[in-house]
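Starting off with a structure, shown below.
Numbering starts at 1 and runs along the sequence shown.
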Amino acid sequence: MSEDVRELLLGRIRDVADYPKPGVMFKDITPLLADAKAFAALTDALVALAGQYGATKIVGLEARGFILAAPVAVQAGIGFIPVRKAGKLPGATLAQSYELEYGTAEIEVHAEDLSAGDRVMVIDDVLATGGTAEASLSLIRRAGAEVAGVAVLMELSFLPGRLRLADALGGAPLDALIVV
């Protein structure tokens with residue numbers, strides 16, 4: 001990805017102070033999504049990574065990961081699979097619990113959407129602590145598929161997400177288009 005594209009994307013991410021609680025600087029991607037040129041550039045960059053990874057399926061993590069991943073899957077001509085919070089998918093699912101800063105959470109995927117032979121690229125908006133991404137990698141492997149790689153729009157370098165994912169990636173690449 002060129003430096004011009006990186007600057008375009010970064011220039012469309014708005015900082016919102018004290019959201020969702022005091023002391024947090026929230027990175028709002030809605031201005032990027034509202035800018036057709038920036039959103040297209042982001043989609044193109046992620047499609048290029050899907051090609052490099054040899055992905056045959058795209059997983060988007062709830063909720064903003066859906067917004068980024070679905071157009072990538074369409075443009076790349078491969079399937080899109082949502083990974084949702086527990087209880088949001090009908091039918092048979094695989095579930096994975098993971099640790100949060102204060103407690104636990106659980107995500108699910110439809111068991112039949114992934115199978116042996118699938119090379120799955122995980123897409124999300126932000127890599128922070130890495131808990132959701134790590135849980136998604138477990139789900140993908142439990143379904144019998146292979147992790148092709150993980151791509152995020154933005155990595156928060158002051159949080160331990162990359163370190164947490166190091167073992168879970170099992171050698172698959174982790175790409176962040178922007179690191180802050």
Side-chain angles (χ1 to χ4, degrees), residues 1 29 32-33 39-40 42-101 103-156 159-178:
M1 183 174 75
I29 68 166
L32 186 156
L33 300 174
F39 195 10
L42 170 59
T43 301
D44 290 346
L46 292 171
V47 168
L49 287 174
Q52 289 174 20
Y53 295 174
T56 62
K57 298 265 177 86
I58 302 287
V59 156
L61 303 182
E62 188 165 329
R64 290 179 299 268
F66 296 172
I67 298 167
L68 305 184
V72 172
V74 170
Q75 192 168 320
I78 57 181
F80 167 74
I81 297 145
V83 169
R84 306 242 19 220
K85 294 176 184 171
K88 300 290 185 181
L89 292 171
T93 61
L94 289 175
Q96 182 69 44
S97 294
Y98 60 100
E99 297 293 321
L100 296 171
E101 188 175 355
T104 61
E106 188 174 56
I107 56 174
E108 295 178 331
V109 67
H110 276 135
E112 71 274 6
D113 289 344
L114 294 170
S115 58
D118 287 332
R119 290 187 43 80
V120 182
M121 175 181 180
V122 176
I123 295 178
D124 205 2
D125 64 327
V126 175
L127 175 61
T129 63
T132 308
E134 181 182 40
S136 75
L137 300 179
S138 293
L139 279 177
I140 291 164
R141 290 189 177 109
R142 285 179 46 217
E146 179 183 348
V147 174
V150 176
V152 296
L153 166 59
M154 186 175 10
E155 178 181 353
L156 305 180
L159 293 173
R162 185 171 289 269
L163 182 61
R164 182 174 184 169
L165 288 180
D167 288 339
L169 285 164
L174 167 61
D175 287 289
L177 302 181
I178 298 169

What heavy-atom pair brings I107 and S136 nearest, and what distance separates the two atoms? CD1-N, 3.6 Å

Residue pair L139 / A95: nearest heavy atoms and the distance that separates them: CD2-C, 3.7 Å

Non-hydrogen atoms of R141 and L169 that approach each other most closely: NH2-O, 3.1 Å

Do L42 and V72 have side chains that get closer than 4.5 Å, going by heavy atoms? no

Can you measure from CD1 (I29) to CG (D125) and round to the nearest 0.5 angstrom? 4.5 Å

From M1 CE over to D44 CG, what is the distance, rounded to the nearest 0.5 angstrom? 11.5 Å

Among all residues two or more places apart in sequence or in another chain, which pass the side-chain contact (heavy atoms from CB on, under 4.5 Å) test with L159? A128, L156

Quick one: side chains of residues 46-57, donor-acceptor pairs under 3.5 Å with protein atoms, not counting sequence neighbours, listed by atom name and distance.
unit_1	atom_1	unit_2	atom_2	d
Y53	OH	V150	O	3.1
Y53	OH	D175	OD2	2.5
T56	OG1	R119	N	2.8
T56	OG1	R119	O	3.4
K57	NZ	D113	O	2.9
K57	NZ	D118	OD2	3.2

First locate atom CE of M154, then atom CZ of R64, and finally report the distance between them rounded to the nearest 0.5 Å. 8.5 Å

Compare all side-chain heavy atoms of V109 with those of Q96 and state whether any distance is below 4.5 angstrom. no

N/O donor to acceptor pairs below 3.5 angstrom from side-chain atoms of residues 79-94, sequence neighbours left out:
unit_1	atom_1	unit_2	atom_2	d
R84	NE	E62	OE1	2.8

Shortest non-hydrogen separation from A148 to M121 and the atoms involved: CB-N, 4.3 Å

So which heavy atom on L174 is nearest to which on R162, and how close? O-NH1, 3.5 Å

Beyond-backbone contact of F39 with P71, side-chain heavy atoms, under 4.5 angstrom: yes

Nearest heavy-atom contact between G130 and L165 is O-CD2, 3.7 Å

Just to verify, which of T129, T104, T132 counts as forming a side chain to side chain donor-acceptor pair (under 3.5 Å) with Y98? T132

Beyond-backbone contact of L153 with V126, side-chain heavy atoms, under 4.5 angstrom: no

